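Predicted model only: the values in this text are computed from it and were never measured. These numbers come from the heavy atoms of this one structure, side chains and all, not from hydrogens, waters or symmetry mates.
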Amino acid sequence: MLTLADVSKSYGTRELFADVSLFVARTDRFGLVGPNGAGKSTLFNLILGEEQADEGTIEWERGADFGYLPQESAPVRDETILAIATSGKKLVPENDDDYDIDWTLEPRAKKILAGLGFRETDHDKEAKSFSGGWVMRAHLARLLVSEPALLMLDEPTNHLDLEALLWFQDYLTRYPGGLVIISHDREFLNVLCNGILELRNNTLNKYTGNYDDYLNEKDARKEQQAAQFKNQQREIAHLQKFVDRFGAKASMASRAKSKEKQIERLKDVAVEEPWEDLARINFRFPQPPRSGLKVINLKKVQQAYGDHVVYRDLNFEAERGQKIVLVGPNGSGKSTLLKILADAIPIQGGVRDLGSNVIPGYFAQNRADNLKLDLTVFENVMELRTNENQLTEQQARAVLGGFLFRKDDVHKKVSVLSGGEKSRLALARLLVNPPNLLLMDEPTTHLDIPSIDALVRALKAYEGTFIFISHDVYFIRQLAKIVLHVHSGRLTPYSGDYDYYLEKSKASNARAALTAGFTDARPKQEKAAAVPAPAAKKANPADIKKLRTEVGHLEEKVAQLETKQSELTAELEAPETYNSPGKAQHLNRELSVLVDQLTTATKAWETSASKLAELEKA
């Protein structure tokens, strides 16, 4: 579908990449990885034609279409959620052939919107009434509905909650086209990719397999390269020693000259010394003041949003040094519990009791909640200066440097920072006044993989109490020592790591287990007093007549759908169908929707027929 040949791109004196070549086939599912700033999004822009390469060519196969999801949403116009989801395909035919009309467009769009978390009542609402994250979901639905030959997705999981992410991941495993995905989610890349493209040090390297395979092959290549480099340098040094010793002697001059030429030939074909990651965050949490053994205690806490009760008589206790992950279905109250522990929201009843010498620190899911957007990066750190820490400008710059804010970067306004930069700045602020009760909501969102690794290393050495929410299974496995399952307003502790929780909960999938629980994860709401059921009445003849008519109509509808199903099946079996480009694809889609309609109609007929039988018996 897509060919890149010797593509180079620079900005001024900064070279992003040089002589990049790549072939993307229809069956390829590539993850594009590399440190922040390596040029991943720029490479996408070149492929999309939004920027021009300095050198090289980019060619698409004739007829191949693509769909692109950027990191940030486009401006919202006066359009509904459903209008966005269906805007990738035309609703009317371009010619007089009936099969060009995609009758399945709107039903497919509604089904995909449901998978991404939209309710049916959201479809006709204006998109501008939703947050940016939900608008991004609508644009993601647009791409999935239009089914381009190649999907290009830039951090598609950043705006998805875990349930939507699991649905999306499952959907992509069955996607009929090719994929190129920029993502920092290891599990996502492991499930979907059959190849990894690593953009680093101005070059693009291709690896076969998923992300774990890439790590293994990368280590093997690095060891091989190091061995080759060492052997070549040893040989060059040996030859150079001969030249230095005998080059000045007339009797040995010709042999020395031959050795010099041999050295030049070796240097021309020599491999480079293996590179190391240079631009990675590097920090450790200063060990906080020691707290008492009992860190925080909740007793009979009540919490509700309007009529929706989240917690009733909630009890919870954490002790010094514990590392606890909160898991459970969406809507079960995990983020609410974290906010209660952080005192980010006032409780409506009960007691929140901090232990002796406890200093809480809260890392919100919305990074803007932790930052002052109108201030610069440097000012956001310096505002934390107190008489106790006596923070100096040099110390602030040193902290920021550990999070890749260097030189003039520290004077950027926070409002213009990327999601990853805001996450790094929020982490930097925690280091200035280190808490001994650290509460983090989705801390890995927007961080690249090397940054996640650095955060894991820092938190492993952290001696305070750590309570967090994450949908990154790797991050959880590295850090959690206790799993607290939240559902129906109740907390169920598992006194072991995540694998212990998987074993005890008998979960079949490590990621799906993060949202395991009841369909309705809210606590039981107050019910009205039961009203005695009225005595059975004799069936009304008018009701029976009305229901008979309804059953008759449903029988007729089922028969019509079954006839249409037979017709479509016959068309798909006819050889001439495949002489018309795209016709078989349209017929398959129409048949898929019709089967769903037939299933719904049959269930409705069965329900109505059962009611009729009961009334006729009465």
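Residues Val381 and Ala396 share a closest heavy-atom pair of CG1-CB, 3.9 Å. Summarising the geometry of Ser470 relative to Ile476, their closest heavy-atom pair is O-CD1, 3.3 Å, with the distance given to 0.1 Å. Nearest heavy-atom pair across Thr465 and Ala318 is CG2-CB, 4.4 Å. Shown here for Thr86 and Ala109, the closest heavy-atom pair between the two residues is CG2-CB, 3.6 Å.
Two residues are said to be in side-chain contact when any heavy atoms from C-beta on lie closer than 4.5 Å; Leu391 and Met382 meet this criterion. Two residues are said to be in side-chain contact when any heavy atoms from C-beta on lie closer than 4.5 Å; Lys339 and Thr336 fail this criterion. In this structure, the side chains of Phe466 and Leu439 stay at 4.5 Å or more apart for every pair of heavy atoms. In this structure, the side chains of Thr492 and His487 come closer than 4.5 Å at one or more pairs of heavy atoms. Using a 4.5 Å cut-off on side-chain heavy atoms (C-beta onward), Leu455 and Leu427 make contact. Between Leu484 and Phe316, the closest side-chain pair of non-hydrogen atoms falls below 4.5 Å. Side-chain atoms of Leu160 and Trp167, non-hydrogen and from C-beta on, never get closer than 4.5 Å to each other. The shortest distance between side-chain heavy atoms of Leu298 and Ile340 falls below 4.5 Å.
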Open item on the list: ring pair (Phe, Tyr, Trp, His ring centres under 6.0 Å) for Tyr171 and Phe168? Distances and angles first, verdict last.
Closed with: CA-CA 5 Å; Tyr171 189 93; Phe168 177 52; 7.7 Å; no

TODO: Starting from the C-alpha separation in whole Å, work towards a yes-or-no answer on side chain to side chain donor-acceptor pair (under 3.5 Å) for Gln478 and Lys460.
DONE: CA-CA 8 Å; Gln478 292 293 312; Lys460 278 185 173 181; 2.8 Å; yes

Task: Check against side-chain contact (heavy atoms from CB on, under 4.5 Å), Leu69 and Asp154 - done: CA-CA 6 Å; Leu69 184 78; Asp154 194 348; over 6 Å; no

TODO: Under the side-chain contact (heavy atoms from CB on, under 4.5 Å) rule, what do Thr80 and His123 come out as? Steps first, then yes or no, please.
DONE: CA-CA 7 Å; Thr80 64; His123 294 171; over 6 Å; no

Task: Steps toward side chain to side chain donor-acceptor pair (under 3.5 Å) verdict (Asn357, Ser291) - done: CA-CA 5 Å; Asn357 200 32; Ser291 70; over 6 Å; no

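For the atom pair Ile296 CD1 and Leu341 CG, the distance stands at 4.5 Å (nearest 0.5 Å). Rounding to the nearest 0.5 Å gives a distance of 9.5 Å between CZ of Phe363 and CG of Asp441.
Centroid-to-centroid, the aromatic rings of Phe475 and Phe468 come within less than 6.0 Å.
In summary, Arg290 and Glu463 do not engage in a salt bridge, as defined by a charged side-chain N under 4.0 Å from a carboxylate O. Using a cut-off of 4.0 Å between Lys/Arg side-chain N and Asp/Glu carboxylate O, Arg429 and Glu383 are scored as salt-bridged. Between Asp499 and Arg477 a salt bridge is recorded (basic side-chain N to carboxylate O distance below 4.0 Å). At a threshold of 4.0 Å, the pair Arg186-Asp453 counts as salt-bridged, since one of the basic side-chain nitrogens sits closer than that to a carboxylate oxygen.
Of the options Asp213, Asp185, Asp212, a side chain to side chain donor-acceptor pair (under 3.5 Å) to Asn190 is made by Asp212 and by none of the others. The only option from Thr386, Leu384, Asn380 that meets the side chain to side chain contact (heavy atoms under 4.5 Å, CB included) definition with Val432 turns out to be Leu384.
In terms of modelled atom types and a separation under 3.5 Å, the side chain of Arg29 and the main chain of Leu179 share no donor-acceptor contact. Within the 3.5 Å criterion, the main-chain N or O of Thr445 finds a donor-acceptor partner in the side chain of Ser423. No donor-acceptor pair under 3.5 Å is formed between the side chain of Asn436 and the backbone N or O of Gly464. Between the side chain of Glu442 and the main chain of His471, a donor-acceptor pair closer than 3.5 Å is present. Although no hydrogens or angles enter the test, the distance criterion places a donor-acceptor pair under 3.5 Å between the side chain of Tyr311 and the main chain of Gly333. For Glu379 (side chain) and Thr376 (main-chain N/O), a donor-acceptor pair under 3.5 Å exists by modelled atom type. Put simply, the side chain of Asn315 gets close to the backbone of Lys300: a donor and an acceptor are under 3.5 Å apart. Using a distance-only test at 3.5 Å, with no hydrogens or angles considered, no donor-acceptor pair links the side chain of Ser451 to the main chain of Leu447. In terms of modelled atom types and a separation under 3.5 Å, the side chain of Gln348 and the main chain of Val301 share no donor-acceptor contact. Remark: the backbone N or O of Leu116 is paired with a side-chain donor or acceptor of Arg137 at under 3.5 angstrom.
In Lys125, the NZ atom is crowded: over 12 heavy atoms of neighbouring residues, nucleotides or ligands sit closer than 6.0 Å. Within a 6.0 Å radius of CD in Gln390, other residues, nucleotides and ligands contribute more than 12 heavy atoms.
Among pairs with a residue in residues 318-338, those fulfilling salt bridge (charged side-chain N to carboxylate O under 4.0 Å, His left out) read Lys294-Glu319, at least two apart in sequence or across chains.
Among residues two or more places apart in sequence or in another chain, the side-chain hydrogen bond (donor to acceptor under 3.5 Å, both in side chains) test is passed with Gln169 by Arg511.
Remark: Arg424 is not positioned above the aromatic ring of Phe403, lacking an NZ or CZ atom under 6.0 angstrom from the ring centre and at most 45 degrees off the axis.
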